[in-house]
Every structure is written in C-alpha cells, then in structure tokens.
**Q** 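For reference, the structure I am asking about is given below.
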Amino acid sequence: MSESGQRPEDASGQGVKTTGHTWDGDLCEYDNPLPRWWLWGFYATVIFSLIYWLLYPAWPVADTFTKGLSRVTFEVDGEERSTHWNSRALLVREMQNSDAAQRQQEFLQVIDDSTLDDVLGNTDKLAFVNSYGQGMFGDFCAACHQTGGAGLMGVYPNLADDNWHWGGEVETIAGTITQGRLGYMPDFRDALDAQQRDAVAAYVLSLAGYEGDAERIARGEEIFQGREGGCYTCHRPDGTGLRSQGAPDLTNDIWSNIDVAGAEDDAARRALISQLVHDGVQREMPAFGDRLSDAEIKVLATYVHQFGGGQ
C-alpha cells in the first residue's frame, strides 16, 4: 500500500504491479504472485486426488461405482483370493494375520474335520460353534431372519421352528447357505377365478385340520389334484410338500407366507390363502459360497440347525 498516492517500488527499484484498485487515492491493491511453496502444495493436492481416484473406490456411476485399481489379497480355504480394495476385505486380511485369527482358523479346521455327533457331544467344540456361529449369523443372516431366527412373516422364513422347506439336516442347510435358494410359486391369477381359488383355499385348510363346507372342499380337491390347478405336482397329492422344490408341507398348520393362525374366522383364512394363490410367491436368498469358507459354512449350518431342531 502507498500512503502518498505514488506507485511503490520493489527491491529492484521497479514499480510494484497493482490491480489498479485504489481506495481514497492512497491505498493500492498489489498484484503480487502467490508464494511458490503454496502453488507447489496446491499442485501436489491435485495430483494426489487424481492418484487416489484411480487407486480406490471413488465415483458413483449409475447403480454402481468405480472400484479402483488397488487390490486386497486374502485366503479362503487355502486359496488366495484378490478383490478390489474395500474395508471388509481389508478386515479379513488383518484378521487372518493376527494370532487370534490363526487360532480361530485352527479350531475351524477341527470342526470341519469332525462329525455332527462329535461336535454336538463335545462341550468345547459346541461352545466354539455357538460363539463363532452367532457372530456369523449376526453379520450375514440376522438382517433378514432377525437375531433369534424368527424371520418376518411373508418375507423371510422363520428358522426357529421345524418347518424347513428344503430340509433341516446340517448338510442341507449348508447347501442352502452355499448356493442360496429361490422360493417360487407361480401365480394363478389367470388360471383360476375367485371361486376356484376360494375352493382351493378351503381344501388346503382341510389338509391342515380346519373344518369347512364339504362341497367347497371337494371342489377345491378336484382343482388341487387336477389339471385346473395342478398344485399336487409341487405339494404332492397328500399335501406334504416336495423338499427338492422347496414346496412347503400344507398339513402341519405352519404358515410362513400368511398369518392364517391370526385370521379372525374361516372366511378370513380362505381370503388369505386365495390371495396367495392369486399373487404367487417369489423370494430369493443370496448365495454365500463365495464369501464364507467351507468350514465357516459348516459352523453356521450347525448353529442354525439348533434353532428349530432341524427337522
């Protein structure tokens, strides 16, 4: 700034550049360049951000994001796996390299080499299964099946009863966890009218022990066992279900898709079943075979098996 209104001089005796802005004729705004250290610092941050965007997940793109070039390598069942950098993979690698993780992996191998009877009959092995399995269930299963495995009616199956659509043996549960499941029943909105669906509902209720109009039940049986409905192909002629298809047993009065027990009367129960026949069922459980080792899947299956007896 100059208080005399004259242009100030720099060290070389030349006039210092100004922006041309003055106040009251005495104060001038200099046009000095930024300090070199500041400029280099700014350029360094720009270069750092570009490198960071290339190496790590950064930019959202539609329904996904850029994964980055940085990789995390870890082991699963003795095989080396590599994925893009993410906190879960990093945690897995860090856990595998810790002393506690090494002991944990050793005990997992012991469980993997043991039979189910051996695990259930050994206090230490069962304690490990319950402790490790509870942690895995909380991480991978509880969001859908709830903490105690009770699930949500019509959305996520209840694991705390004996109604296992695909079978409740440990090996079967392990297969379910490994490959996932697709719960599917076609809709009959076009194949059956309202009266036909009501008749089928009456017959299905009779299979579970409910009483109803004999004529309506007989008509429902014709549809269930015949070409009109063809329900027997999945649920079997006696209504006990087909595990290979995940078709539930209709004779045990256990309902996972609709709250039949909570309905007010027989008409309300028939309405619930009729609506289910109209809409069909389509539910999918994701596969965890690529996220859990064989030993972890066996531990988790054994843990879940204890919820409802597995039968």
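Just so you know, these numbers use all the heavy atoms, side chains as well, and skip hydrogens, waters and symmetry mates. When a residue number appears, it is its place in the shown sequence, counting from 1.
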**Q** Quick one: does D118's side chain get under 4.5 Å of K125's, heavy atoms only?
**A** yes
**Q** So do the side chains of N86 and L90 get within less than 4.5 Å of each other, counting heavy atoms only?
**A** no
**Q** Does atom CD of Q109 have more than 12 heavy-atom neighbours from other groups under 6.0 Å away?
**A** yes
**Q** Can a salt bridge be assigned to the pair E222 and R219 using a cut-off of 4.0 Å between side-chain N and carboxylate O?
**A** yes
**Q** Establish, from distance only, whether the side-chain atoms of Q282 and D187 form a donor-acceptor pair under 3.5 Å.
**A** no
**Q** M153 versus S256: any side-chain heavy-atom pair under 4.5 Å?
**A** no
**Q** Can you check whether L300 reaches L292 side chain to side chain, under 4.5 Å on heavy atoms?
**A** yes
**Q** Within the 3.5 Å criterion, strictly below it, is a donor on Q146 or Y156 matched to an acceptor on the partner's side chain?
**A** no
**Q** As a quick check of understanding, evaluate side chain to side chain contact (heavy atoms under 4.5 Å, CB included) for L126 and L120, giving each step before the final call.
**A** CA-CA 6 Å; L126 186 59; L120 297 179; 3.9 Å; yes
**Q** Starting at CD of E296, measure out to CD1 of I111 and round the result to the nearest 0.5 Å.
**A** 12.5 Å
**Q** Is any side-chain heavy atom of Y303 closer than 4.5 Å to a side-chain heavy atom of Q134?
**A** yes
**Q** Is any NZ, NE, NH1 or NH2 atom of the basic residue among D193 and R197 found under 4.0 Å from an Asp or Glu carboxylate oxygen of the other?
**A** no
**Q** Please tell me whether Y43 and F48 form a close aromatic pair, meaning their ring centres lie under 6.0 Å apart.
**A** no
**Q** What class does the angle between the rings of F137 and H145 fall in, given that below 30° is parallel, 30 to 60° is tilted and above 60° is perpendicular?
**A** tilted
**Q** Does a side-chain heavy-atom distance below 4.5 Å link H235 with V204?
**A** no
**Q** Does I177 offer a backbone N or O that forms a donor-acceptor pair with the side chain of R181 under 3.5 Å?
**A** no
**Q** What's the spacing between I51 CD1 and L69 CG if we round to 0.5 Å?
**A** 11.5 Å
**Q** Can T64 and K67 be counted as having a side-chain donor-acceptor contact under 3.5 angstrom?
**A** yes
**Q** CE of M185 to CG of D279: how many Å apart, nearest 0.5 Å?
**A** 8.5 Å
**Q** With the side chain counted from C-beta on, respond yes when I254 and D249 share a heavy-atom pair under 4.5 Å apart, and no when they do not.
**A** no
**Q** Between Q306 and N130, is the side chain to side chain contact (heavy atoms under 4.5 Å, CB included) condition met? List the steps.
**A** CA-CA 9 Å; Q306 299 176 82; N130 289 334; 2.9 Å; yes
**Q** Do E171 and K298 pass the salt bridge (charged side-chain N to carboxylate O under 4.0 Å, His left out) test, and can you show the C-alpha distance, the side-chain angles, and the key distance before you say yes or no?
**A** CA-CA 8 Å; E171 295 78 7; K298 181 176 181 179; over 6 Å; no
**Q** Is it the case that the side chains of W255 and N257 hold a donor-acceptor pair, with the cut-off being a distance below 3.5 Å and no angle test?
**A** no
**Q** Do F128 and N122 come close enough that some side-chain heavy atom pair is under 4.5 Å?
**A** no
**Q** Does a sphere of radius 6.0 Å around OH in Y52 hold more than 12 heavy atoms from other residues, nucleotides or ligands, not counting ones at 6.0 Å or beyond?
**A** no
**Q** Roughly how far, to the nearest 0.5 Å, is the CZ atom of R103 from the CG atom of L108?
**A** 13.0 Å
**Q** Does a side chain donor of either Y210 or D253 reach within less than 3.5 Å of an acceptor in the other side chain?
**A** yes
**Q** Taking NZ, NE, NH1 and NH2 as the nitrogens, is one of them in R216 or E221 under 4.0 Å from a carboxylate oxygen of the other?
**A** no
**Q** Should the heavy atoms of other residues, nucleotides or ligands under 6.0 Å from CH2 of W59 be counted, would the total exceed 12?
**A** no
**Q** Kindly determine whether D117 and T115 satisfy side chain to side chain donor-acceptor pair (under 3.5 Å), including the steps that lead there.
**A** CA-CA 5 Å; D117 291 339; T115 64; 5.5 Å; no
**Q** So which heavy atom on A160 is nearest to which on G148, and how close?
**A** CB-O, 4.0 Å
**Q** Minimum heavy-atom separation for C28 to T22, with atom names?
**A** SG-CG2, 3.8 Å
**Q** Determine whether E29 and T18 satisfy the following criterion, side chain to side chain contact (heavy atoms under 4.5 Å, CB included), listing intermediate values before the conclusion.
**A** CA-CA 6 Å; E29 182 181 4; T18 69; 5.9 Å; no
